[in-house]
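For reference, the structure is listed below as structure tokens.
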Amino acid sequence: MKIALIGQDIPTLLPTLLTDLLFVGRQSAEVALEEKNAAMQDVLQRYGDAVIRDAQTRHPGLRASLNVTGSRREALRGADCVIYAGDCMAASRFKMDREALSGVEEDDPGLIEQARVNGGIGGLMHTLRQGEVVLDLCEAMQDSCPEALVVNLGQPVARTTLIFERMGFRCFGLGRTPLRGANGLDSLTKKLSCKPEDVKATIAGLPGFSFLVGLKDVKAGDDLLPLLFDLADEDQLGQLTRRWLDWYGAIAIGDVTDHAEWLPAQDDFIPEEEPVFGESVERRKERILWMNTVGEKGAQEKEGKMAQILLLSKAVPIRPMQLALALLRREDCDIPAVTRVNNGELPQLAKSAMIEAELSIRGGEIVPHGMLLPAPLAEICGEIDETNRLAALAAAGDRIALRECIEIDPALAGLDRLYVQDVVDRMIEMHSDVLGRLTDEED
């Protein structure tokens, strides 16, 4: 089995990727990691070699290797699975977007509330830039590993997963998990004085726009959703959660600010001025220090072992390697929130919709649950999904799809769509150095 790791966010995920592959999955594999920076190549290679030695000591017979290379072709050649976790200069480009959307006069707010990461104008620009990167990767994969499975972490997850699928790859996505955080399952169950492992949660919707449509006590079989509805009505889950419940008849799960990105401007919601993309500089320095310690001391010695524990303690909760192994080994599994093509999982939405819901595999085959959404929720999910589809087409250079995306996007409700089109055209020109497909089409 060969697994290729692509994208600038991969180094932050490497500790859990290797742990889930070697220690949890006990899977012999060839791992290839693309890294352009020569100094970082050395850090990652020595770190990975130390972890592999530790795994082989604990599990004799395990055969594994890590090849950190600057050659994408070498990394992809013959891969059975590609895990993609990257972005296109996200922080600096987002700042450019935000400045372009700011008003030019003191009494002119401009379209600053559209400076978003995944939805609205900002999300569209993010998609166009990511599309260039993902399409380049797909073209390289068509030459080097045309049958590879893709596990995608690239934001906006619905749209980048759509791009991989349109290019002929079987792709599953993982966005920010709805299981943890301010409005995650862990927080919601805590308010009910129970633990996440003691409930059966049914999560469904779209990536970044998921809702809790079922919650039962595993032992007693009691329906816990009415209790959450009461808490929301009492404003104990926040104003946005209460609003979404009134509008859609379901409890928003995960970071509710993600949900707000896909909807028209909210008076009491202001998008983050400096959203976090990847690691902070301080966190990166810390990670490199710990990886160097593991590489120099070994993962079995006291200092190296402690550094590895620290690396794993800082890991993000999403586990792409566990998803990849379940799919590759055709294992029975249930994973709470996975992005993929609908294919009847949510029957009120188009079969081609890109949804987020529990993924259940039995005997290597995906088993649909046939989950029903409240009618108002199904309606808005259909509108957002169509916007996602058009944005993905626009990223491939389709100007007609770009115009249609702007015309139907629910996040732009109340705005002059022709004016928005002009703004987007100017922003595309501003990013012309990384938007070759759209600018070439315009020429």
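Quick caveat, the model's predicted, so the values are computed rather than measured. Atoms considered below: every heavy atom in the structure, side chains included; atoms not considered: hydrogens, waters and symmetry mates.
Under the 30°/60° scheme for interplanar angles, the aromatic rings of Phe211 and Tyr248 are found to stand perpendicular.
Residues satisfying the salt bridge (Lys or Arg N to Asp or Glu O under 4.0 Å) criterion with Lys200, sequence neighbours excluded, are Glu358. Not counting sequence neighbours, Asp217 has no partner by the salt bridge (Lys or Arg N to Asp or Glu O under 4.0 Å) test. Remark: Glu147 engages no residue in a side-chain contact (heavy atoms from CB on, under 4.5 Å) (not counting sequence neighbours). Scored by the side-chain hydrogen bond (donor to acceptor under 3.5 Å, both in side chains) test, Arg72 finds Glu34 as partners (sequence neighbours excluded). Not a single salt bridge (Lys or Arg N to Asp or Glu O under 4.0 Å) links Asp235 to another residue, sequence neighbours left out. Glu365 is linked by a side-chain hydrogen bond (donor to acceptor under 3.5 Å, both in side chains) to Arg330, counting only residues two or more places apart in sequence or in another chain. Under the salt bridge (Lys or Arg N to Asp or Glu O under 4.0 Å) criterion, Arg176 pairs with Asp255, Asp258, not counting sequence neighbours. Shown here are the side-chain hydrogen bond (donor to acceptor under 3.5 Å, both in side chains) partners of Glu331, two or more places apart in sequence or in another chain: Arg329. Qualifying side-chain contact (heavy atoms from CB on, under 4.5 Å) partners for Glu386, counting only residues two or more places apart in sequence or in other chains: Arg389, Leu390, Ile408. Remark: Gln45 pairs with Asp49 by the side-chain hydrogen bond (donor to acceptor under 3.5 Å, both in side chains) rule, at least two apart or across chains.
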With salt bridge (charged side-chain N to carboxylate O under 4.0 Å, His left out) as the test, would you mind laying out the steps for Arg437 and Glu139 before giving the verdict? CA-CA 14 Å; Arg437 287 172 173 83; Glu139 290 168 1; 3.2 Å; yes
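Checked by atom type and distance alone, the side chain of Glu356 never pairs as donor or acceptor with a backbone atom of Phe209 at under 3.5 Å. Side-chain atoms of Thr12 come within 3.5 Å of backbone N or O of Asp9 as a donor-acceptor pair. One N or O on the side chain of Ser102 and one on the backbone of Arg98 form a donor-acceptor pair closer than 3.5 Å. Put simply, the side chain of Gln266 gets close to the backbone of Pro264: a donor and an acceptor are under 3.5 Å apart. With hydrogens and angles disregarded, no donor-acceptor distance shorter than 3.5 Å links the side chain of Asn152 to the backbone of Phe164. Using modelled atom types, no side-chain atom of Ser144 and backbone atom of Arg77 make a donor-acceptor pair closer than 3.5 Å.
In the model, Asp97 has no side-chain atom that pairs as donor or acceptor with a side-chain atom of His126 under 3.5 Å. For the residue pair Glu74 / Asn67, a side-chain donor-acceptor distance below 3.5 Å is found, with atom types taken as modelled.
The side-chain heavy atoms of Ile3 and Glu30, taken from C-beta on, include no pair separated by under 4.5 Å. No side-chain heavy atom of Met321 sits under 4.5 Å from any side-chain heavy atom of Thr16.
Residue pairs meeting the salt bridge (Lys or Arg N to Asp or Glu O under 4.0 Å) criterion with at least one partner in residues 181-196, sequence neighbours excluded, do not occur; the list is empty. A side-chain hydrogen bond (donor to acceptor under 3.5 Å, both in side chains) check over residues 275-286, counting only residues at least two apart or in different chains, returns the pairs Glu279-Arg287.
The existence of a salt bridge linking Arg319 and Asp20 is confirmed by a sub-4.0 Å separation between a basic side-chain nitrogen and an acidic carboxylate oxygen.
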